[in-house]
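This report concerns only the one structure given below.
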Amino acid sequence: MLEIHVLRENAPEIIEGLKKRNHDFTAPINEILELDEKRRACQQKMDQVLAESNALSRDIGDLFKRGKAEEANAMRAKSAEYKEESHRLKEEFQELDNRMNEALHHVPNVPNTIVPAGNSDKDNEVVHSEGETPNLGENNLPHWELADKYDLIDFDLGAKITGAGFPVYKGKGAKLQRALINFFLDEADKAGYNEVIPPHMVNEESGFGTGQLPDKEGQMYHATVDNLYLIPTAEVPVTNIFRDVILESKQFPIKMCAYTPCFRREAGSYGKDVRGLNRLHQFDKVEIVQIQHPDQSYDTLTTMVDHVKGLLQKLGLQFRILRLCGGDLGFTSALTYDMEVFSAAQERWLEVSSISNFETFQANRLKCRFRDENGKTRLVHTLNGSALALPRIVAALLENNQDADGIRIPECLHKYTGFERID
RNA sequence: GGAGAGAUGGCAGAGUGGUCGAAUGCGGUGGUCUUGAAAACCAUUGUACCGCAAGGUACCGGGGGUUCGAAUCCCUCUCUCUCCGCCA
């Protein structure tokens with residue numbers, strides 16, 4: 001969430017910046033500023049009453065000590081007045097503070113100046129493209145048919161056990177899955193990311209910290225009995241490692257990576273989007289997360305994009321990089337690059353990674369700060385990216401590397417799979 | 001699941017109703033000394049909010065209560081530990 005003092009000082013610029021999201025935030029922001037003003041006035045009154053009340057209590061204490069109980073008792077009535085007054089002001093303050101924060105929670109991050117204007121994914125800007133579309137010939141198959149033909153993934157079995165969108169990976173299909181996870185983790189390790197295995201369920205505070213709550217509540221599976229959420233991405237538990245933490249500048253950059261399954265309800269999805277591996281309720285992903293000094297975060301974003309680029313190059317997949325437009329940008333992000341691979345049999349681009357700089361937006365919710373050169377605490381910048389999400393990578397690998405009687409495994413995976421072909 | 005104990009500053013650990021935001025030790029930072037280092041000594045060392053400032057307020061796991069006054073008493077929630085049971 002935006003910092004109230006920043007909003008207070010730069011409201012017109014922020015309203016202007018948010019227009020890229022195709023939404024006019026003038027009214028809610030004005031309301032926030034109004035509540036903020038009332039809130040501060042109320043705090044001043046409250047603090048003053050408390051100060052007087054505290055002074056009076058000290059005086060009464062002194063009188064008791066000096067044995068002047070009668071005088072002390074005479075002052076109790078006044079004290080009761082202070083108490084009533086301060087209680088009333090505290091209630092008023094909390095009410096104003098809650099309302100202000102509630103409104104503030106629903107204001108998204110301000111897009112970076114280089115974010116293109118636009119309404120939907122059609123307006124995203126292609127900033128890079130490489131690799132060639134393989135020539136598959138006539139009888140090529142989409143990945144769900146290949147998965148069936150070579151007995152790699154069983155969607156029906158998953159539907160029987162759990163429901164649609166929960167596939168069962170089998171045989172070489174399962175081994176390929178494991179190979180990709182290990183390959184991605186090893187590459188992240190080589191790039192200096194520290195691996196963690198976080199919990200796969202998180203509490204409300206964590207969901208709020210990274211911005212999934214309260215806005216995207218419906219996207220997560222919620223275990224209501226214990227009030228825990230299945231993670232939609234490792235971003236949530238990993239970034240929350242740094243909730244309520246004050247870092248030293250010399251600790252930058254903090255680089256973490258994690259493999260986890262990810263759970264998403266994906267309510268409202270339908271059609272060809274959800275066929276096969278295109279959109280699942282449970283999938284595997286290796287995530288990279290960085291915590292950076294505000295001055296360095298955009299350089300870091302570039303290194304993260306380059307890291308993912310390297311993975312796609314090693315896998316030999318045709319891909320492109322998009323700079324998301326304001327209308328497609330996530331709630332918490334200031335700038336996002338999406339990586340898409342070309343799925344040759346489906347003849348469509350599939351998003352396999354999303355790499356974002358959240359600047360201080362998450363840090364403010366997380367209360368993740370660092371001590372700057374002057375010893376003052378400031379909010380850090382947080383970033384994360386998929387490196388990579390497995391299902392669509394598998395879809396593209398199966399489709400793009402198929403021939404008449406099998407599927408070729410890219411060389412970088414051989415030492416992980418133990419086989420070079422699926423047939 | 002049953003029974004009990006506990007939660008204090010970066011850590012350890014005092015404090016059981018009145019200048020306590022909190023002793024002391026360790027750690028951190030700055031300095032003196034030293035060729036350098038160590039040791040020793042001196043100083044400093046929580047966070048947030050309000051305020052131009054002076055200063056004020058809040059916070060001793062969270063919330064509520066008693067009291068003129070609470071880290072200290074009461075209620076409640078959460079978490080941790082010990083024992084028993086169950087168990088991958």
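Everything numeric in this text was worked out from a predicted model, so none of it was measured. Throughout, a chain's letter reflects where its sequence line sits, starting with A, and its residues are numbered from 1.
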Give the table of side-chain donor-acceptor pairs shorter than 3.5 Å for residues 235-247 of chain A, with sequence neighbours excluded, one pair per line with atom names and distance.
| unit_1 | atom_1 | unit_2 | atom_2 | d |
| --- | --- | --- | --- | --- |
| E235(A) | OE1 | N384(A) | ND2 | 3.4 |
| E235(A) | OE2 | Q362(A) | NE2 | 2.8 |
| E235(A) | OE2 | N384(A) | ND2 | 3.4 |
| T239(A) | OG1 | E235(A) | O | 2.6 |
| N240(A) | OD1 | R243(A) | NE | 2.8 |
| N240(A) | ND2 | S206(A) | O | 2.8 |
| N240(A) | ND2 | V236(A) | O | 2.8 |
| R243(A) | NH2 | S206(A) | OG | 2.9 |

Original post:
Between G9(B) atom C1' and D244(A) atom CG, what is the distance in whole Å?
Top reply: 15 Å
Subject >> Whole-angstrom distance between U82(B) and U76(B), as gauged at atom C1' >> reply: 24 Å
Subject >> G9(B) and C60(B), which share atom name P, separated by this distance in whole Å >> reply: 10 Å
Original post:
When all nucleic acid strands are considered with a 4.0 Å heavy-atom cut-off, which category describes S57(A): base, sugar-phosphate, or nothing?
Top reply: base
**OP:** May I ask you to verify if any side-chain N or O of R371(A) is less than 4.0 angstrom from the OP1 or OP2 atom of G28(B)?
**Re:** no
Original post:
If you check every side-chain atom of K90(A), which of U67(B), G64(B), G51(B) has the closest atom?
Top reply: G64(B)
Original post:
Can the positive tip of R365(A) be found less than 6.0 Å from the middle of the six-membered ring of F208(A), inside 45° of the ring normal?
Top reply: yes
Subject >> For the student: nearest non-hydrogen atoms of V380(A) and I291(A), plus distance >> reply: CG2-CG2, 3.7 Å
**OP:** Report the distance from atom CG of D226(A) to atom P of U78(B), rounded to the nearest whole Å.
**Re:** 11 Å
Original post:
What's the CD-C1' distance between E205(A) and C77(B), to the nearest Å?
Top reply: 13 Å
Original post:
For P294(A), what residues pass the side chain to side chain contact (heavy atoms under 4.5 Å, CB included) criterion, not counting sequence neighbours?
Top reply: F370(A), R378(A), H381(A)
Original post:
Which range-with-range stems can be found for RNA chain B when each stem has 3 or more Watson-Crick or G-U pairs in a row and both distances sit under 3.5 Å?
Top reply: B:1-7 with B:78-84, B:10-12 with B:24-26, B:27-32 with B:40-45, B:46-50 with B:55-59, B:61-65 with B:73-77
Could you tabulate the donor-acceptor pairs under 3.5 Å formed by side-chain atoms of residues 25-32 of chain A, not counting sequence neighbours?
| unit_1 | atom_1 | unit_2 | atom_2 | d |
| --- | --- | --- | --- | --- |
| T26(A) | OG1 | D24(A) | OD1 | 2.5 |
| T26(A) | OG1 | D24(A) | OD2 | 3.4 |
| N30(A) | ND2 | T26(A) | O | 3.3 |

**OP:** Could you tell me if the ring centre of F361(A) sits under 6.0 Å from that of F331(A)?
**Re:** yes
**OP:** Write down the distance separating the P atoms in A38(B) and G31(B), rounded off to the nearest Å.
**Re:** 13 Å
**OP:** Take atom P in C87(B) and the same atom in G13(B), then report the distance between them in whole Å.
**Re:** 36 Å
Subject >> Touch class at under 4.0 angstrom, heavy-atom based, for K78(A) against every strand present >> reply: nothing
Original post:
Can a donor-acceptor pair be found between the side chains of N227(A) and H222(A) at a distance below 3.5 Å?
Top reply: yes
**OP:** Answer yes if the side chains of Y169(A) and D154(A) hold a donor-acceptor pair under 3.5 Å, and no otherwise.
**Re:** no
Original post:
Side chain of Q44(A): nearest nucleotide among U47(B), C68(B), C50(B)?
Top reply: C50(B)
Original post:
Less than 4.0 Å between a side-chain N and a carboxylate O, is that true for E81(A) and K78(A)?
Top reply: yes
Original post:
Base, sugar-phosphate, or nothing: which does R378(A) touch, judged by heavy atoms less than 4.0 Å apart?
Top reply: nothing
Subject >> R39(A) side-chain proximity, nearest of G65(B), C49(B), C68(B) >> reply: C49(B)
Original post:
Any luck finding a side-chain donor-acceptor pair between S297(A) and T300(A) under 3.5 Å?
Top reply: no
Subject >> Nearest-Å distance for atom pair CZ/C1', residues R369(A) and C49(B) >> reply: 12 Å
Subject >> P spacing across the pair U24(B) / A14(B), given as an integer number of angstrom >> reply: 15 Å
Subject >> Whole-Å gap separating C1' (G62(B)) and CZ (F208(A)) >> reply: 17 Å
**OP:** Rounded to whole angstrom, note down the C1' distance from A5(B) over to A23(B).
**Re:** 26 Å
Subject >> Nearest-Å distance for atom pair CG/C1', residues L247(A) and G10(B) >> reply: 13 Å
Original post:
Just to confirm, is there a sub-4.0 Å distance from OP1 or OP2 of A48(B) to any side-chain nitrogen or oxygen of T377(A)?
Top reply: yes
Subject >> Whole-Å distance separating the CG atom of N203(A) from the P atom of G62(B) >> reply: 16 Å
Original post:
Given the C1' atoms of U16(B) and G6(B), what is the spacing between them in whole Å?
Top reply: 16 Å
**OP:** Quote, to the nearest angstrom, the P distance that separates G18(B) from C86(B).
**Re:** 50 Å
Subject >> Closest-nucleotide 5' rank along RNA chain B - winner of R76(A) and I4(A) >> reply: I4(A)
Subject >> Nearest-nucleotide 5' precedence on RNA chain B, M75(A) against H87(A) >> reply: H87(A)
Original post:
In the 5'-to-3' direction, what one-character label does each nucleotide of nucleotides 56-61 of chain B receive under the scheme B = base within less than 4.0 Å of a protein heavy atom, S = sugar-phosphate only, - = no such atom?
Top reply: BSS---
Original post:
Rounded to the nearest Å, what distance is computed from the CG atom of residue N227(A) to the P atom of nucleotide C79(B)?
Top reply: 11 Å
**OP:** Kindly write out the residues that satisfy salt bridge (charged side-chain N to carboxylate O under 4.0 Å, His left out) with K20(A), not counting sequence neighbours, or none if the list is empty.
**Re:** none
